[in-house]
Asks: 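I'd like to ask you about the structure that follows.
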Amino acid sequence: MLVGAGQITAREPDDARTPIDLIAEAARAAAADCGVAGVLGQVRSLSCLNILAPAYPDAPASLARRLGIDPGERFYTPIGGNMGQWLVGYYARRIASGELDCALIAGGEALATQMRGRSAGLSRVIDTASGEGPRLLGDERAPTNRTEQGHGLDLPIQIYPLFEQALRARYGHDPVAHRQMLGELYARFSAVAASNPQAWRRESLSAADIAERTPKNRMVGAPYTKHLNALIAVDQAAALVMMSAAKARQLGIDPERWVYPLAAASAHERWFVSERADLSRSPAITACGRRLLAAAGLAIDEIDHLDLYSCFPSAVQIARDALGIAAHDPRPLTVTGGLAFHGGPGNNYCTHAIAEVMARIRADRSATGLVSGVGWYMSKHSLGLYGGHPPSGGWQPVDTAGLQAEIDAGPGVDVVEQAEGTGRIETYTVMHDRTDRPVQGIVLGRLRDGRRFVANTPADQDLLAAMTTEEFLDQPGRVHHDGRRNLFTPQP
């Protein structure tokens, strides 16, 4: 079970602050939250989530030294916003099997400090103590292929808008109605953040504040304005302590503080975005959700608290649809305010969400909660269910191999690297610079024979401006390869 949680949100500027400072503070808070002394000295396995900046030669070792402990096992994770939840499932399995009796999960970022301190020349390497290097847990494959990279698909801000336009096509929305819906969706997230003391951005924004393009809310990757993107310039950390029941009893931890993982499931999509048959759906979340709920003996409508990973609105909607949650379900889809308002501290957001779910379950032992995490480009998924009472059949690990085989057997799509001929736009985005000027059109389309292509559009300002605001889904045109990349020119 989970017996301790700690969260740190450090808003006051401090140019000496480092991620390890924040993570160590969160770890101490999680240990104190257990309600007894000496918990950190009981940790036998420590996992530190991937830190985006600065670089550490061995972040888990740095954290252990800062805490003054020698846990025996030290792990680090690859990039992935799913990894906080993934680690809970990993440790639950090991604790349930008797391999381990106490573990610490911790992560955080000081990106607000790093970004503010660029001109001051802050060091990129904070802790240069030598070591063997961290042991990695998790999937560390490269997230994109050569074709995607060659057309500007390298970053989340370039790829998640493609999912959004694919959702708009499935929902049958015109661009104006869809932007309004996005504003309404995220206004509900903003309202949760406004009441969360740990949230970075606590002013409550309206749907219009979020969705309308203004000088203070520029377009990033159409149709996403700045407020629809994850907020990464934050100084935040969170940590969790997990134990066996025997260890918690031995230490005298009050059972009212125990929160039980009921079930967990993890899987990945067909790995590269351009090879997925339907960019508006997640077969992996669908399969994970079905197995997860069956293992816990619960229906999705019976879950009291939800936190769906919210790096961008498309991630929320895809997960909501995959789990069978109605579009107008009255339950908030976040317990924190989400990555756009609570803040997205690199790979560690899920740890904050789990800590918030723990607080709600401690306040109502009959409550249940679900947390989902996403890595890379809707690529890696981890889901967990939590409750105030142990699962009736004990911890039941989901058959990961069988789950992944089911997903891998689903449909894919053939991708043409060098495309020639006529086709139609399947989904698209227009990237904007920091002055709100459109600079690049990115298209995923289908040739007449059904094969998919990835392309850029001509760098025509009138075309890019029109694609930002007008309807270009299913627009016909011609695509050709210019020796370096595919170029798609829409034709009325």
Side-chain angles (χ1 to χ4, degrees), residues 81 143-144 147-171 173-186 189 210-213 217-232 269 272-274 276 278-282 308-321 338-340 344 374-379 424-434 436-445 452-457 459 463-475 488 490:
T144 53
T147 298
E148 293 163 351
Q149 295 162 11
H151 293 87
L153 293 177
D154 294 300
L155 299 171
I157 58 172
Q158 298 159 332
I159 295 177
Y160 277 86
L162 300 177
F163 300 138
E164 192 63 59
Q165 300 282 33
L167 282 161
R168 183 168 71 79
R170 177 156 65 84
Y171 295 156
H173 292 170
D174 64 51
V176 173
H178 195 74
R179 282 196 298 273
Q180 180 179 349
M181 182 275 290
L182 293 179
E184 292 169 353
L185 174 67
Y186 260 34
F189 278 62
I210 293 167
E212 289 183 6
R213 184 180 180 186
N217 190 35
R218 67 180 179 86
M219 192 66 69
V220 180
Y224 290 154
T225 59
K226 187 175 179 180
H227 289 327
L228 291 168
N229 285 251
L231 178 64
I232 66 167
E269 304 291 357
F272 297 120
V273 170
S274 61
R276 298 177 197 165
D278 186 342
L279 297 178
S280 75
R281 300 181 191 274
S282 171
L308 306 185
Y309 199 78
S310 51
C311 50
F312 297 89
S314 53
V316 176
Q317 297 163 85
I318 289 172
R320 181 195 65 195
D321 297 350
L339 282 85
V374 175
W376 285 123
Y377 309 123
M378 296 301 290
S379 308
R424 290 182 176 272
I425 294 177
E426 187 177 7
T427 187
Y428 64 99
T429 188
V430 177
M431 300 308 302
H432 291 66
D433 65 17
R434 290 185 176 274
D436 205 25
R437 183 176 66 93
V439 292
Q440 184 183 47
I442 304 173
V443 167
L444 266 63
R452 179 178 283 151
F453 61 85
V454 184
N456 295 127
T457 64
L463 171 62
L464 295 177
M467 291 180 69
T468 297
T469 59
E470 300 172 16
E471 179 62 270
F472 274 75
L473 287 171
D474 205 36
Q475 181 83 14
F488 179 84

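Keep in mind it's a predicted model, so treat the numbers as computed, not measured.
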Asks: Side chains of Val176 and Gln180, heavy atoms from C-beta outward: is any pair under 4.5 Å?
Replies: no
Asks: Got Met467 and Gln475 here, is their nearest side-chain heavy-atom distance under 4.5 Å?
Replies: no
Asks: To the nearest 0.5 Å, what is the distance between CZ (Arg276) and OH (Tyr377)?
Replies: 10.5 Å
Asks: Spell out, as yes or no, whether a donor-acceptor pair under 3.5 Å connects the side chain of Thr225 to the backbone of Ile210.
Replies: yes
Asks: Start with the C-alpha gap between Arg170 and Asp321, add the side-chain angles, then the distance that decides, and say whether salt bridge (charged side-chain N to carboxylate O under 4.0 Å, His left out) holds.
Replies: CA-CA 12 Å; Arg170 177 156 65 84; Asp321 297 350; 2.9 Å; yes
Asks: Is Tyr309 close to Leu339 at the side-chain level, that is, under 4.5 Å between some pair of heavy atoms?
Replies: yes
Asks: Decide side chain to side chain contact (heavy atoms under 4.5 Å, CB included) for Phe453 and Val443; before the verdict, give the C-alpha distance in whole Å, the side-chain angles of both, and the deciding distance to 0.1 Å.
Replies: CA-CA 8 Å; Phe453 61 85; Val443 167; 4.1 Å; yes
Asks: Does a donor on one side chain sit under 3.5 Å from an acceptor on the other, for Glu269 and Ser282?
Replies: yes
Asks: For Tyr160 and Val374: C-alpha separation, side-chain torsions, deciding distance, then whether side chain to side chain contact (heavy atoms under 4.5 Å, CB included) applies.
Replies: CA-CA 12 Å; Tyr160 277 86; Val374 175; 3.5 Å; yes
Asks: Looking at every heavy atom in both Gly183 and Ala211, which two are closest together, and how far apart are they?
Replies: CA-CB, 3.8 Å
Asks: Who pairs with Phe189 by ring-ring contact (aromatic ring centres under 6.0 Å, His included), at least two apart in sequence or on another chain?
Replies: Tyr186
Asks: I'd like to check Leu464 versus Met431 (side-chain heavy atoms, cut-off strictly below 4.5 Å). Are they in contact?
Replies: no
Asks: Identify the two heavy atoms, one from Ala465 and one from Pro438, that lie closest to each other, and give their separation to 0.1 Å.
Replies: N-CG, 4.2 Å
Asks: Is the shortest side-chain heavy-atom distance between Gln317 and Leu185 below 4.5 Å?
Replies: yes
Asks: Quick check for you: to the nearest 0.5 Å, what is the distance between Leu167 atom CG and Leu279 atom CG?
Replies: 9.5 Å
Asks: Hey, does Met378 have a side-chain heavy atom less than 4.5 Å from the side chain of Cys311?
Replies: no
Asks: Taking only residues two or more places apart in sequence or in another chain, which ones pass side chain to side chain contact (heavy atoms under 4.5 Å, CB included) with Asp436?
Replies: Arg213, Arg218, Met219, His432
Asks: Got a donor-acceptor contact below 3.5 angstrom from the Asn456 side chain to the Gly441 backbone?
Replies: yes
Asks: Val273 vs Thr144, test: side chain to side chain contact (heavy atoms under 4.5 Å, CB included). Steps then yes/no.
Replies: CA-CA 8 Å; Val273 170; Thr144 53; over 6 Å; no
Asks: Hey, could you give me the CG/CD distance between Leu473 and Glu426, rounded to the nearest 0.5 Å?
Replies: 9.5 Å
Asks: Could you grab the distance from atom CD1 of Ile159 to atom OG1 of Thr429, nearest 0.5 Å is fine?
Replies: 11.0 Å
Asks: Between Leu463 and Phe472, does the side chain to side chain contact (heavy atoms under 4.5 Å, CB included) criterion hold? Intermediate values first, please.
Replies: CA-CA 10 Å; Leu463 171 62; Phe472 274 75; 3.9 Å; yes
Asks: Relative to the ring of Tyr171, is the ring of His173 parallel (under 30°), tilted (30 to 60°) or perpendicular (over 60°)?
Replies: tilted
Asks: Would you say the side chain of Leu153 lies within less than 4.5 Å of the side chain of Leu444, judging by non-hydrogen atoms?
Replies: yes
Asks: Applying ring-ring contact (aromatic ring centres under 6.0 Å, His included), name anything that partners Tyr224, two or more places apart in sequence or on another chain.
Replies: Phe312
Asks: May I ask you to check whether Glu164 and His178 show a side-chain donor-acceptor distance below 3.5 Å?
Replies: yes
Asks: To check you understand the geometry: which heavy-atom pair defines the closest contact between Pro161 and Ala222, and what is its length?
Replies: CB-O, 3.4 Å
Asks: Identify the two heavy atoms, one from Ser280 and one from Ile318, that lie closest to each other, and give their separation to 0.1 Å.
Replies: O-CG1, 3.6 Å
Asks: If you look at every heavy atom in Ser310 and Gly338, which pair is closest and at what distance?
Replies: OG-CA, 3.1 Å
Asks: For the residue pair Arg168 and Gln165, confirm or rule out a side-chain donor-acceptor distance under 3.5 Å.
Replies: yes
Asks: Calculate, to the nearest 0.5 Å, the distance between atoms CZ and NZ belonging to Arg434 and Lys226 respectively.
Replies: 7.5 Å
Asks: Under the 3.5 angstrom rule, does the side chain of Asn229 hit a backbone N or O of Ile157 as a donor-acceptor pair?
Replies: no
